[in-house]
There are 2 protein chains.
Amino acid sequence: MRQKTTLKSIARELDVSISTVSKALKNSDEIGKETKEKVQAFAKLYNYKPNNVAISLKNKRTKNIGVVIPDIVHHFFTTVFRGIEKYANERGYNVVICISDESYDKEVINLEMLSNGSVDGFIMSLSAETQKKNDFNHLKEILNQGIPIVLFDRVTNEIDCDKVILNDREIAYEAVSTFIADGRKRIALVTTESYFNVSEERAIGYRDALTANNITLDENLILKLHYKDFNETDISNFFKANKIDAVLCVNELFATMCMGIVQNDGVQIPKDIAFMGFTDGMLSKYSKPTLTTVAQHGDKMGEAAARFLIDRIENETDDEIPAYETEIIKATIIQRDSTN
Amino acid sequence: MRQKTTLKSIARELDVSISTVSKALKNSDEIGKETKEKVQAFAKLYNYKPNNVAISLKNKRTKNIGVVIPDIVHHFFTTVFRGIEKYANERGYNVVICISDESYDKEVINLEMLSNGSVDGFIMSLSAETQKKNDFNHLKEILNQGIPIVLFDRVTNEIDCDKVILNDREIAYEAVSTFIADGRKRIALVTTESYFNVSEERAIGYRDALTANNITLDENLILKLHYKDFNETDISNFFKANKIDAVLCVNELFATMCMGIVQNDGVQIPKDIAFMGFTDGMLSKYSKPTLTTVAQHGDKMGEAAARFLIDRIENETDDEIPAYETEIIKATIIQRDSTN
DNA sequence: TATCAACACGAAACCGTTTGCGTAAAGAAT
DNA sequence: ATTCTTTACGCAAACGGTTTCGTGTTGATA
């Protein structure tokens, strides 16, 4: 393998000092015209690129940001990531990504791996296990080391840092209100275990909307499913056991699955039951019928998170830390065929 | 913000030399028991972590690998990425990811950004534009600099490097043969523009299977769609204009979309027309009917690619380069309700 | 008592850059 | 002829580690 061209190798070949080469390449006017031209030509010829690792060491800045998310084969997280990557790149940052796989331990390991100077800060969404354990010491550790963190979507009040979230409660309220305006009254909620903060917020919006419209909450109309392991028979039974004319699901997977199951049981959508989901992904667009759903604008969330983080990285001073902010991204409902 | 603890700061506090601290933390037996304990305790107390950037500079190895893929909001690429990330992590590598967004220029920029010592090697799948332009000088540049590349899925013969691909041709052959065995004869192919090597391979498998079964190829039964912009009316017309009883689509999106369209036109699946797609993603599992599809085992591809790359990075010698290999991942057909 | 090995540690080079400062050479000013 | 400026460059420290080699101290041995 060929030797890398470095300042030193150029200096040796051209019989000048390393600093002269460095300055010449930066077009410093400390260096004579001829020398500059000579050096620049040589550098170009041998395709010199300043070693980024050395620069990072010198600057104590890597221009890398770490992203730790629970899952990557997941529409919402990929859209957020796309937003992060795009914005970060525009500002000259690279993105290192680690998947926690919904595991607390992996989340801890991931943070460990990158908090040794590999990245200048983190963007995270909490794993299911972390939310369940409600243990955030690993995040506190990082913050104590002076490394900034931005949380998005799956956040917690326990940690004081910049955050980007969706207006989950309001949009759920709006969704349920729409059902009611269409004359539907027996409105079900299909959600996950309540330790997911977003599900909980959506549930609150659901309850609030019912209350506001004088509909008594029927706990039987709330179905909690595990976020990945669920039983189709349970779902079928849920719909058979209760008179239901509208369903709000906290994600598009639940919605699509439920639609498939009730359709097999002869239910007409949206005539008999209307469905609405969260996450405007492939399933929503191509399910049958197509699904009315809440678009979370992941790209925007990602961009906002990256902006928060990079601003904070680049404004680091020895003075006090600027106050942390929370940006709320406004969701929108995309009307399709599963509602009228 | 608190000062980072470094070897130097520990040395200063404990009034020993930097090298003593370094050795003590590595449990070198050059250092006395008491000193070691003192240093280790101090380091633990102040949460010392060796600066990864400094180590990278010293070792001329970053333990980072760069992944450049065309898209991230994409089931197949995310599964591959998951495979890469998992395997790389097990071997102590971090993953920096760049999205080319199907653009040649971005692909070039991404490679530029990371080829300055930021990563030890690349795993890539070519962008649509790159495949169309058929220009791979940016890859050659990287290889010339002695940085290894592994290509997966969207590869090219122009570049000599390790590759991981699917047995596209054979599995397409098998898919079409299955149709024929079911008594179907008017078999359509819905594919992308032919500059995609994978689509081309699948098309060859399709043709070969027809030929092998004495079915004359009808070019009218081949529909080429742009990979992201397509017109539903065109698709509807295609199915109306031709008598078709089976369809092989090169991805699940095309398949799901076509199913939706023909169902709207009153076609029964799989009675009238059977459908098969590629990519065993969400759409396949939850479309109506569920889609028989070719599972590409992205995780396996990712793992294989990462293994190739890391082995090559860690075996770098001054001797000659070991011969490049191509690993072929075997696809499998997942039987669902869109075929009988 | 002189010699020597073992022990415990420090000095310094190195990885590749950047940058403040010192300085030799050359020309200008006195 | 002497002093002062420029000009054009080199030296060296610094970033945070690792590692080779050198060396002062100690106790044992001849």
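Just so we're on the same page: letters track the sequence lines, and every chain starts at 1. Only a predicted model underlies this, so the values are computations on that prediction, with no experimental measurement involved.
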Margin query: Surrounding NZ of A/K140 (heavy atoms of other residues, nucleotides or ligands, distance under 6.0 Å), is the total greater than 12?
Written below: yes
Margin query: Just checking B/E314: does its CD atom have more than 12 heavy atoms from other residues, nucleotides or ligands closer to it than 6.0 angstrom?
Written below: yes
Could you check how far [atom1] of [X] sits from [atom2] of [N], rounded to whole Å?
X	N	atom1	atom2	result
B/I55	C/dC14	CD1	C1'	15 Å
B/L7	C/dC9	CG	P	16 Å
B/K26	D/dG17	NZ	C1'	8 Å
B/L25	D/dG16	CG	P	16 Å
A/I18	D/dA13	CD1	P	14 Å
A/N27	D/dA8	CG	C1'	15 Å
B/R12	D/dG16	CZ	P	10 Å
B/K49	D/dG17	NZ	P	12 Å

Item checked: Earlier contact from the 5' end, DNA chain D, for A/I31 and B/P50 -> A/I31
Check: Is there a side-chain contact (heavy atoms from CB on, under 4.5 Å) between B/I10 and B/Y46 once you walk through the steps?
Finding: CA-CA 9 Å; B/I10 298 179; B/Y46 286 94; over 6 Å; no
For [N] and [X] - does any side-chain N or O of the residue sit under 4.0 Å from the phosphate oxygens OP1/OP2?
X	N	value
B/T6	D/dC15	no
B/S19	C/dG10	no
A/K8	C/dC15	yes
B/K60	C/dG16	yes
B/K58	D/dT19	no
B/T35	C/dC9	yes
B/T20	C/dC9	no

Notebook entry, point to check: Do A/D153 and A/S125 have side-chain atoms, one donor and one acceptor, less than 3.5 Å apart?
Noted result: no
Notebook entry, point to check: Are the ring centres of A/F77 and A/F81 closer than 6.0 Å?
Noted result: no
Of the nucleotides [options], which one has an atom closest to the side chain of [X]?
X	options	result
A/L57	D/dC9, C/dG16, C/dG10	C/dG16
B/S17	C/dA11, C/dT17, D/dC9	C/dA11
A/E30	C/dG10, C/dT18, C/dG22	C/dG22
B/A54	D/dG17, C/dC9, C/dG16	D/dG17

Note to self: Is it the case that C/dG20 (base atoms only) and A/K23 (side chain only) share a donor and an acceptor within less than 3.5 Å, ignoring hydrogens and angles?
What the structure shows: yes
Note to self: Considering every strand and a 4.0 Å limit on heavy-atom distances, what is the contact class for B/V53: base, sugar-phosphate, or nothing?
What the structure shows: nothing
Note to self: Considering every strand and a 4.0 Å limit on heavy-atom distances, what is the contact class for A/S56: base, sugar-phosphate, or nothing?
What the structure shows: nothing
Next item on the list: Please round to the nearest 0.5 Å and tell me the distance separating atom OG1 of A/T79 and atom NZ of A/K300.
Entry: 12.5 Å
Next item on the list: Take B/K33 and A/S22, find for each the nucleotide of DNA chain C with the closest heavy atom, and name the residue whose nucleotide sits nearer the 5' end.
Entry: B/K33
